[in-house]
Amino acid sequence: MTTYEVAEDFAQDPHLLAELLRAEGPVRRAKMPRGLPCYLVTGFAEARLLLADPRLSKDSGRARALFEAKLPSGEPAQGGVGQDLSFHMLNSDPPDHTRLRKLVNKAFTARTVARLRPRVEEITAELLDGLAGQDRADLLASFAAPLPITVICELLGVRAADRTEFSEWSKTLLSSSTPEAMQAAAQNMFAYLTDLIAQKRTEPAEDLLSDLVHASDDGDSLSEAELVSMAFLLLVAGHETTVNLIANGVLALLREPEQLALLRSDPSLLPNAVEEFLRFDGPIHLATLRFTAEPVEVGGVTIPEGEFVLVSLLGANRDEERYPEPDRLDITRAAGGHLAFGHGIHYCVGAPLARLEAEIALGGLLARFPDLALDAKPDELVYRPSSLVHGLEALPVRL
């Protein structure tokens, strides 16, 4: 099997890359732009199996050592992100993962999230009011981004004045920035969250971060490092996914006028449409890194022990073996079972919140602006240079 070299600009058209790779096989060796050798998975069945396979580990300590052994000399492990932010449930295996996830599960159940609907609707209306009267806008900066960051920051108890700066640190960490920029953002994030947690410890409030601090103080064995890392994960993952879900969904509709007209004529299709947006052009490109703790055979390939595995969620969700005519947007499609939020024990804990926000945001936007249109040619749109998030740099629209 030959090794496929992934180009630097693969983020601009990951669907085409996944299609080309899938045609040669659902699992194959690859080398990422910074030189990391891995196995890249683009088939749906194979991706679903591996995402839930306990033989694939996410232990951050072991992964770091493997990084240092496999990356070219001089490249920083974890892309420059400081290890002080890595001790969270997405970088852990059971039993640590089980213990960490238990602390936040109750905050993100469908029933708990449903109580947030009035506040999400209120924030959405305020943002749409701010757009009223404008002829043109960057919908990403003015609507898709501020809604989720406001919701998650209110949920966790982050000061309103700090949200813009926090969002910028997050964008730097999740894009292919320079190692120096990523390290600086990580250090700023760590210092900020450490101070915020100290404040929640002395002045607790009715928010999730205060609850996590209280849980750790009550002997629930959440260390200071885990507490900072958990806050980082919830804040970053809690808004980045939804930002790109909303923006990618709007873009998909604006490029398919018949589907847009269908949704306008029947708003009851919105929940199903959100599932199709997740399948068709989801917010996450490659699932977070895993490595084989022992040899794993999948898709006719044996992946040796100690190899990194990257699962293309975008690729898997466009696999024609799972979804007929996968490159066609169809908001009436039975899109359930997609992998946009992952699968297995690391399935996105914030999925109910992301779905709720997307439904409210898209429904409100389409109702408020019946003449909404794309204000750029599709090939002029630029995607963030990231192997993790699949999102636009900007979404210019005519209102």
Side-chain angles (χ1 to χ4, degrees), residues 11-19 124 137-145 147-148 240-285 312-320 322-341 351 354-384 386 389-399:
Q12 288 301 116
D13 197 350
H15 294 295
L16 176 59
L17 170 63
E19 181 181 356
T124 298
D138 174 4
L139 203 64
L140 188 75
S142 59
F143 183 66
L147 171 60
E240 282 282 359
T241 298
T242 313
V243 168
N244 299 317
L245 168 56
I246 294 171
N248 293 355
V250 171
L251 176 60
L253 284 175
L254 295 182
R255 297 182 68 174
E256 296 292 341
E258 290 184 2
Q259 294 293 302
L260 175 58
L262 177 60
L263 186 56
R264 285 192 188 280
S265 68
D266 186 2
S268 70
L269 289 172
L270 193 53
N272 196 78
V274 169
E275 298 307 308
E276 173 66 347
F277 300 145
L278 285 162
R279 181 209 69 82
F280 179 75
D281 203 26
I284 301 297
H285 181 186
S312 172
L313 303 182
L314 294 181
N317 286 333
R318 293 268 191 117
D319 186 346
E320 63 183 4
R322 175 63 177 83
Y323 295 103
E325 298 184 87
D327 296 327
R328 181 173 66 88
L329 180 72
D330 179 4
I331 63 171
T332 67
R333 182 196 302 269
H338 61 74
L339 300 177
F341 288 124
R355 287 185 166 106
L356 177 74
E357 291 181 63
E359 288 180 24
I360 293 172
L362 291 166
L365 179 70
L366 297 183
R368 182 71 69 94
F369 298 106
D371 298 321
L372 185 70
L374 189 62
D375 195 28
K377 296 178 181 178
D379 59 5
E380 293 175 342
L381 298 174
V382 177
Y383 285 86
R384 291 167 58 180
S386 173
V389 296
H390 176 56
L392 295 161
E393 292 280 8
L395 180 56
V397 296
R398 295 190 301 277
L399 299 170

**Fill in**
Closest non-hydrogen atoms of Leu399 and Phe369, given as atom of the first, atom of the second and distance, are O-CD2, 3.8 Å
**Heavy-atom check, side chain of Leu245 versus side chain of Glu357, under 4.5 Å** = no
**Request:** Nearest 0.5 Å please: distance from the CG atom of Leu147 over to the CD1 atom of Ile246.
**Result:** 5.0 Å
**Item:** Carboxylate-amine/guanidinium contact Asp379 Lys377, below 4.0 Å
**Value:** no
**Item:** Spacing of CG belonging to Leu253 relative to CZ belonging to Phe277, to within rounding of 0.5 Å
**Value:** 3.5 Å
**Prompt:** Just wondering, do Arg264 and Leu260 contact through their side chains at under 4.5 Å, heavy atoms?
**Reply:** yes
**Prompt:** Hey, are Asp327 and Arg318 close enough for a salt bridge, meaning a charged N less than 4.0 Å from a carboxylate O?
**Reply:** yes
**Over 12 non-hydrogen atoms of neighbours within 6.0 angstrom of CD in Glu393** = yes
**Request:** Considering non-hydrogen atoms only, spot the tightest contact between Ala340 and Asn317 and give its length.
**Result:** N-ND2, 3.4 Å
**Request:** Could you pull out the closest heavy-atom pair between Asn248 and Pro283, with the gap in Å?
**Result:** ND2-CA, 4.2 Å
**Asked** When rounded to the nearest 0.5 angstrom, what distance separates CG in Leu314 from NE2 in His15?
**Response** 5.0 Å
**Asked** About how many Å separate CD of Gln12 and CG of Leu381, when rounded to the nearest 0.5 Å?
**Response** 9.0 Å
**Heavy-atom check, side chain of Glu276 versus side chain of Leu329, under 4.5 Å** = yes
**Residues Arg355, Glu275: salt bridge by 4.0 Å N-O rule** = yes
**Asked** For atom CD of Glu258, is the number of surrounding heavy atoms from other residues, nucleotides or ligands below 6.0 Å larger than 12?
**Response** no
**Request:** Supply the atom-to-atom distance Leu139 CG to Leu254 CG, rounded to the nearest 0.5 angstrom.
**Result:** 8.5 Å
Which donor-acceptor pairs under 3.5 Å do the side chains of residues 267-274 make with protein atoms, sequence neighbours left out?
from   : atom 1 : to     : atom 2 : distance (Å)
Ser268 : OG     : Asp266 : OD1    : 2.4
Ser268 : OG     : Asp266 : OD2    : 3.4
Asn272 : ND2    : Ile331 : O      : 2.6
Asn272 : ND2    : Arg333 : O      : 2.9

**Request:** Please examine the side chains of Glu240 and Arg384, heavy atoms only from C-beta on, and report whether any two atoms are closer than 4.5 Å.
**Result:** yes
**Prompt:** Looking only at heavy atoms, which two atoms of Ala335 and Tyr323 are closest? And how far apart?
**Reply:** O-OH, 3.2 Å
**Request:** Describe, in one word, how the ring planes of His390 and Tyr383 are oriented to each other, choosing from parallel (under 30°), tilted (30 to 60°) and perpendicular (over 60°).
**Result:** parallel
